[in-house]
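Step one of this worksheet: look at the structure below.
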Amino acid sequence: MKILFVINNAFTKGNGLCGSCRNTVRYLREAGEDVRILSAAGMDGEKPDYVLSHGKLPFFDGLVQRQGYSFAKSDRKIITEAVRWADVVHIEEPFAVQIMTCRIARKEKKTITGTYHLHPENLFCSVHLGKSLVLNFSTMILWRNAIFNHCKIVQCPTENVRKRLSAWRFKPELRVISNGMLPDSVGECGCAVPREERKDGFYTIVTTGRCSVEKDQQTLLKAMRYSKFADRIRLVIAGHGPIENQLKKEADALVRDGVLKTPPEFCFCNADELKKIYSGASLYIHCATVEVEGMSCMEAIQTGLVPIIAKAKLSATSQFALSEESLFKGGNAKDLAAKIDWWLSDDERRKKEAVRYLGMGKEYDIRKSIESLRKMFRDSVEK
């Protein structure tokens, strides 16, 4: 089967959506599927099968780039060539390139499928308009009518997403299929990363993800002012992004005010470096209030690291928590501090709970997701 993946730029680094696309294409090809990519070229020289020119978003291009993202120009000739090759046209995003691709695919009578990777709020949180009912409503209607309603099947990474799209009356079949984790990240050994907690008297608390409004690392920093363990906590914030400098200023204020005794560490790490951090950590915090799935959270906790995850309407990541003590009210720093204190106040309780998270990633192995996607593509052609 010839499958065309349509994405603005499959080669952008540090962006979960683009990384998911690359991994999915790789494993579909290894499974024997004929997959091509329609996108812009990468900044390091990587080229898709069908190359679009780089585009710019007026007024907001700098912000888009700081978010680890980029847009492509809608070239009708190139898009038509790509669509005519395919049996299935798979939409990875709901933007201008995908709108034109859908129009051409319908004209060419091609089967269309899609993955719902992000909410409108993911876009507007960056400009502090994430709670704008008008913007979010109009954007969801546009995405639904211009793109997703022309799909035979839409992949929903979580049940949380499926329920939301169903409530918005999306017409296609909504099929829950995780984006998946890479095989070397799914804890196949069934044992924890060797832990070396508090070797210098500090509890290490780690959070990962792009430094952006919707990831809400600010709530973790605010929580330090309410935690009775704050003077014994070392924070590791693994990620870059548009509000990184703002977070660093708030972190410096915590040290200056004597709340924290050691400055929070900001870093951008590869998989091996993250595993090393996890091996010395006591807790993993996931504060995002807008999250379609949150595989970075699963990658951390399935090593045997107890999480505390934001419970929010537009975040599906709370599905990974195994107890109420591992959940806090999204955006509520006092509640987060209370949960941090509850776990840090009893080392044995925390270590016992950690065992329950070992190997959880097996359920989300990307190879299982790939088989489900292959079936989705076959079913969509037969509809």
Side-chain angles (χ1 to χ4, degrees), residues 6-8 15-17 20 55-61 63-64 66-72 74 90-103 105-106 112-176 179 209-210 212-216 218-219 241-243 287-294 310-319 329-332:
V6 185
I7 184 170
N8 276 271
N15 181 285
L17 191 160
S20 175
K56 289 188 176 181
L57 192 65
F59 307 111
F60 296 104
D61 196 62
L63 176 62
V64 169
R66 290 195 299 275
Q67 290 280 11
Y69 202 78
S70 66
F71 284 98
S74 301
H90 185 71
I91 303 300
E92 283 281 282
E93 301 155 318
F95 300 126
V97 166
Q98 286 76 22
I99 291 175
M100 178 177 284
T101 301
C102 277
R103 289 174 181 166
R106 291 170 63 201
I112 306 172
T113 61
T115 297
Y116 187 90
H117 275 298
L118 73 164
H119 296 300
E121 290 83 355
N122 284 108
L123 304 180
F124 299 124
C125 277
S126 301
V127 289
H128 302 282
L129 292 172
K131 295 183 180 180
S132 170
L133 296 178
V134 173
L135 281 175
N136 292 318
F137 180 89
S138 58
T139 300
M140 184 66 97
I141 293 297
L142 172 64
W143 290 359
R144 184 191 69 184
N145 295 345
I147 296 175
F148 291 112
N149 274 358
H150 300 300
C151 297
K152 292 289 185 68
I153 304 174
V154 172
Q155 175 198 357
C156 302
T158 59
E159 179 64 17
N160 177 283
V161 168
R162 189 201 67 77
K163 288 180 177 179
R164 188 181 199 204
L165 301 193
S166 180
W168 278 87
R169 299 186 180 181
F170 277 49
K171 292 180 180 179
E173 178 188 343
L174 304 175
R175 193 172 294 191
V176 179
N179 287 317
R210 189 174 68 256
S212 59
V213 174
E214 74 275 16
K215 299 300 182 183
D216 199 23
Q218 288 173 306
T219 293
I243 68 167
C287 293
T289 54
V290 183
E291 192 82 90
V292 166
E293 187 168 23
K311 192 173 184 179
K313 182 179 179 180
L314 294 181
S315 176
T317 315
S318 58
Q319 68 182 4
K329 297 174 185 176
N332 190 318

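For His150 (side chain) and Thr113 (main-chain N/O), no donor-acceptor pair under 3.5 Å exists by modelled atom type. In this structure, Ser166 contributes its side chain and Arg162 its backbone to no donor-acceptor pair below 3.5 Å. Of the possible polar contacts, one joining the Gln98 side chain to the Val6 backbone as a donor-acceptor pair under 3.5 Å is found. A distance-only check finds no donor-acceptor pair linking the side chain of Arg175 to the backbone of Ile153 [under 3.5 Å]. Put simply, the side chain of Glu293 gets close to the backbone of Asn179: a donor and an acceptor are under 3.5 Å apart.
Interatomic distance, OG of Ser318 versus CG of Asn160, reported as 7.0 Å (0.5 Å rounding). How far CD1 of Ile243 is from CG of Asp216: 8.0 Å, rounded to the nearest 0.5 Å. Put simply, CG on Asn136 and CD1 on Ile141 are 11.5 Å apart, with the number rounded to the nearest 0.5 Å. Rounding to the nearest 0.5 Å places NZ of Lys163 at 12.5 Å from NZ of Lys313. Going from atom CD of Gln155 over to atom NE2 of His90 covers 5.5 Å, rounded to the nearest 0.5 Å. Considering CG of Asn149 and SG of Cys102, their distance stands at 10.5 Å, rounded to 0.5 Å.
Within a 6.0 Å sphere centred on NZ of Lys152, heavy atoms belonging to other residues, nucleotides or ligands number more than 12.
Taking both residues in full, the closest heavy atoms of Phe95 and Asn8 are given as CD1-ND2, 3.7 Å, listed atom of the first, atom of the second, then distance. Shortest non-hydrogen contact noted between Ile112 and Ile91 is CG2-CG1, 4.0 Å. In terms of heavy-atom proximity, Val292 sits nearest to Ala316 at O-CB, 3.3 Å. Considering every non-hydrogen atom in both Ala310 and Gly330, the closest pair reads CB-CA, 3.9 Å.
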### Query
Can you check side-chain contact (heavy atoms from CB on, under 4.5 Å) on Thr115 and Leu17, steps first, answer last?
CA-CA 10 Å; Thr115 297; Leu17 191 160; over 6 Å; no
### Message
As a quick check of understanding, evaluate side chain to side chain donor-acceptor pair (under 3.5 Å) for His117 and Glu93, giving each step before the final call.
### Response
CA-CA 7 Å; His117 275 298; Glu93 301 155 318; over 6 Å; no
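At a threshold of 4.5 Å between non-hydrogen side-chain atoms, the residues Ile147 and Ile99 count as touching. His119 places a side-chain heavy atom less than 4.5 Å from the side chain of Arg164. With a 4.5 Å cut-off on side-chain heavy atoms, Val213 and Pro242 do not count as touching.
Using modelled atom types and a 3.5 Å distance limit, the side chains of Ser315 and Glu291 yield no donor-acceptor pair.
The aromatic rings of Tyr116 and Phe148 lie tilted to each other, with the angle between the two planes from 30° to 60°.
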